Amino acid sequence: MITLDSPITELLGIGETNSKNLNKLGIKAVSDLLFYFPYKHLDFSVFSAIKDIRAEQVITVRGTIKTIATRFSFRSRTSLCEAIISDDTGSLKVMWFNQPYIKNYLKAGDEVLLSGKATFYKHLQLSNPIYEKVSDDTTHTGRIVPVYHLTENVYNKTIRTLIKKHLHLADSVVDDIPKPVLTSCKLLPLNQAIRQIHFPESEEALQRAKLRISFNDGFIQQLAVQKRKHELASSIAPNIKPDVELVKKFLASLPFTLTAGQKQAAWQIMQDMEGPVPMNRLLEGDVGSGKTLVAILSALAAMKQNFQVTLLAPTEILAKQHYQTITKLLYDNKTFRTLNKKHSALVTNNYRIIDGEVVGKKEVSSEISKGKIHFAIGTHALLYGQSFKNLGLIIIDEQHRFGVEQRATLLKQQEKAERVPHLLSMTATPIPRTLALALYDDLQTSILKQVPSGRKPIITKVVTEDGRAKIYEFIKKEIRAGRQAFIITPRVEDSETSTTKSVKAEFKRLSEDIFPKFKLGLLYGKMKGSEKEKTMEAFNNKQLDILVATSVIEIGIDVPNATAMIIEGAQNFGLAQLHQLRGRVGRGPQQSYCFLFSDSSDEGTLARLNNFASSNDGFKLAEMDLEQRGFGDLFGQTQTGFQYKFSRFMSLKALQLAKQGAKLLIDDDPTLKKYPVLKKKAEFLAENIHFE
Ligand code: ADP
Ligand code: MG
C-alpha cells in the first residue's frame, strides 16, 4: 500500500531514471510530492467557442478531432503534427512541432480539450497547445492548472499526473497547528489546502489554499519570534547608564553635527540600554545615513562603564573599515582621549590586530575572554568558540546579511551570560514598516530618514538601447574629469555560474571595445576572497577607473569619488536592491548618476523602473516592491525573506495571521511545553535556518 512515507520508486511507472530526476527536485517520498507546490497556476477553466477565438488570446477549446496527421522532415530532423478540430461554431487548425508521440495518443474522432495561445499566420491557428482527452476530471486543461518548477526530463504533465493520483493521501498529512489557532485564524484545514494548491476548484479556493500554506511557514517563524520576545522580557540586562558629558565631549570632537535621526536613534538606544531587559533594536538607515556613528555612540556608553562591546560585520572589508573608523574616532582622536586605556581588536580570518599591532589567534581570543579588549570588531570568525568576560553590547552591521547560524551562536553567547547583552542590529535595507511589524514583533526599530546634508540626490535615468553609446561617452567624460564608475552586469536566471560567465564576457567587451584606454577591474561573487579584496582596494585607491561587477558590490565599497553607475538588465532586480546598488554612488560632493538599461519592452516593467528613477526614498521603494512583486522578490534572490526562506505564496496577510496565531499560543504556554513538536520546530528554525 502506498503511504506518505513510501519512496517514489514504489509508484507505478517510476523507474530509476525518473526517480533520480525527481530526486533532483527534492522529491523522494510521496509526501515530498504532495508538498512540491506549484509556483504558479494557469487559468484554463474558461472555454471559448471556436468562432469567438481571436489571435493572441490564451484559450481553452473543447472539440472533436476531424483530421490528424504527422509529417517528418528527415532533412531538418523535425516533425509536424497537424490537426483540424471543430465544435458547433466552427473549426480550427492545430499544430504541434516535434511532439511525434501525439499521433499515438490522439486520433480522428477523439473529443479533446486544448489550451494554448491562438496566433494568426495566414489564418487563425493554435500552436503547441496542451492537449487532453475529454473526461469528467481533467488534469492539464479545462481547469486552473498548476505549473511546477522542472528539471531535465521532468515535465509538468508528469508531475501533475503523479500528484493528482496520490492527492487523496493529503488526508493523512498531520496538521501541527493546534485547533484553537486554526479556529481563531479561520483557516482552511491543511489537507484541503494541499489539494487546492495543486488542483484548485476556483480562484477563491486557490487563494485560501495559498493563505493556509504560507500561514504554516510563517507560523513557525512567528512562534520563534514570540517565544524569544517572551524570553527577552524575562531576562536581565547589563544596566548601562548614559554619560551625557562624555557623549557631548565626543560629539564636540567631530567635524560635523548629528542629524536629527541620529540624535533620536542614539537617544532611543541609550534609554534601552538603561532599562532592565535586554535591548533588541534594529537601526535602519539608507547607505550613507551615518549608522556607524550611532553605533559608536552606543558603544561609548557601554565601554565607559567597563562593559565589552563587539561589532560584527558580514565581510572582512566592512569589518576592517569599521575598525579603522573606530580607531580614528575613538582612539587617535586628539581632542577626545577618554578611552586611552581601553583596547580594541580586529578579528577576521585574515586579520588579528590589537591596538594596531598584529597578534596571534590565541592571544586575541584570550585577551577578549579576559575582558581586556573593550571593543572587539570582526566578522563571524570572531565568534567561534569565543567567550567574553562582561559583554554589554553586541552590534551587528547589515544584520539581514548575517548567517542565521552565526546569529544563533550569538544568541547562545547571550543566553550563557548571567546578564543578556543588549543587541543593536543595523541594516541599510529599508524594510517596509508593515512588514517589519509583522515579521519582527520582538524588535524595536529606529530609522535614520535623512542622509547627512551636503549630498546631492543621485540623478537616475532609464536608458534604451539607442542611448547606449551616449552613456558610454558620458562615463568617459566623468573619468577624464577624475571620477570613477561602476558597471553592474545583470543577474542571470538563478545561476551563479552563468552570472559569472556573463560578467566575464561583459568585462572583456568593455575593456576591449568600449573603454580600451581606461583601467577596468572585475568583481564577482565566486572570486577568491583575497582577489576580491585586491580589486576593491585598487578601486578604493583610484588605480581603477571602472569596476565591472555583479551585485556583490552591494556591500563593502565606499568610494566617494565614484559618480556614475550603469546597471544592466535592471528589470531583474527588485527596487529595493536597485536602490542598494545605486547607493554606491552619490557619496561625495559631486553630482552622481545612475543609468538603468533594460532589454524588456514590457510596459509594467518600464513603469516600475521609471518609478525607481523618480524616487530616492528607500522606504517608499521597498513598500512599492512589496505591493507590486510580493515577498519573494522584495530584496532580490540573495535576501529572500530576510533570514527566513518563505514560500513564494507568502503574503503580508498570512504573516499577520501567523503572528496572531503564534501570540495566542505563546500567551497561553510561553515555553510551548504542551506542544513539543512545535517547540522543536521553532527552536530548530531559530538555530539552523540558513540564509539564502
Ligand atoms: P552607513 O549608514 O551607510 O553605515 P556611515 O556610518 O558609513 O553610513 O556614514 C557615512 C559617512 O557619513 C561617513 O563618512 C560618516 O563619517 C559620515 N557622517 C556620519 N554622520 C554624519 C553627519 N551627521 N554629518 C555629516 N557626515 C556624517
Ligand atoms: Mg555601514
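Numbering of ligands and ligand atoms starts at 1, following listing order. This is a predicted model, so every value here is computed, not measured.
- For the 3.5 Å distance criterion, the side chains of Q386 and S365 qualify, holding a donor opposite an acceptor.
- We find the CG-CG distance between L393 and L423 to be 8.0 Å, quoted to the nearest 0.5 Å.
- Under 4.0 Å from ligand 1, the heavy atoms of L258 that appear belong solely to its backbone.
- Looking at M426 against ligand 1, nothing comes within 4.0 Å, counting heavy atoms.
- Within a 4.0 Å radius of atom 14 (O) of ligand 1, the protein contributes no non-hydrogen atoms.
- Ring centroid separation for the pair F507 and Y524 does not come in under the 6.0 Å cut-off.
- Residue contacts with ligand 1: S289 is included, with a non-hydrogen atom under 4.0 Å away.
- Assignment of D286 to the shell around ligand 1 is supported, since a heavy atom sits closer than 4.0 Å.
- In summary, the side chains of H422 and D272 do not present any donor paired with an acceptor at a separation below 3.5 Å, with no hydrogens or angles considered.
- Smallest separation of non-hydrogen atoms from A319 and I377: O-CG2, 3.6 Å.
- Near T259, with a cut-off below 4.0 Å to any heavy atom, the atoms of ligand 1 are 23 (N).
- Interatomic distance, L297 CG to Q262 CD, rounded to the nearest 0.5 Å: 8.0 Å.
- The aromatic rings of F595 and Y593 lie parallel to each other, their planes meeting at an angle below 30°, with 60° marking the opposite boundary.
- Distance from atom 12 (O) of ligand 1 to its nearest protein heavy atom, with residue and atom name: R455 NH2, 3.8 Å.
- Of the protein's non-hydrogen atoms, F256 CD1, 3.3 Å is the one closest to atom 22 (C) of ligand 1.
- At a heavy-atom cutoff of 4.0 Å, ligand 1 is contacted by the backbone of T257 but not by its side chain.
- For ligand 1, the polar-atom distance check against R587 finds no nitrogen or oxygen pair separated by under 3.5 Å.
- Ranking the protein heavy atoms by distance from atom 3 (O) of ligand 1 puts G288 N, 2.6 Å first.
- Under 3.5 Å, the side chains of T445 and R281 contain no donor-acceptor pair of N or O atoms.
- With atom 6 (O) of ligand 1 as the reference point, the heavy atom nearest to it among L254, T292, L283 is part of T292.
- There is a protein heavy atom less than 4.0 angstrom from atom 19 (C) of ligand 1.
- The side chain to side chain contact (heavy atoms under 4.5 Å, CB included) test with R483 is passed by exactly one of I475, V559, T563: T563.
- Per-residue contacts place G290 under 4.0 angstrom from the following atoms of ligand 1 (heavy atoms of the residue considered): 1 (P), 2 (O), 5 (P), 6 (O), 8 (O), 9 (O), 19 (C).
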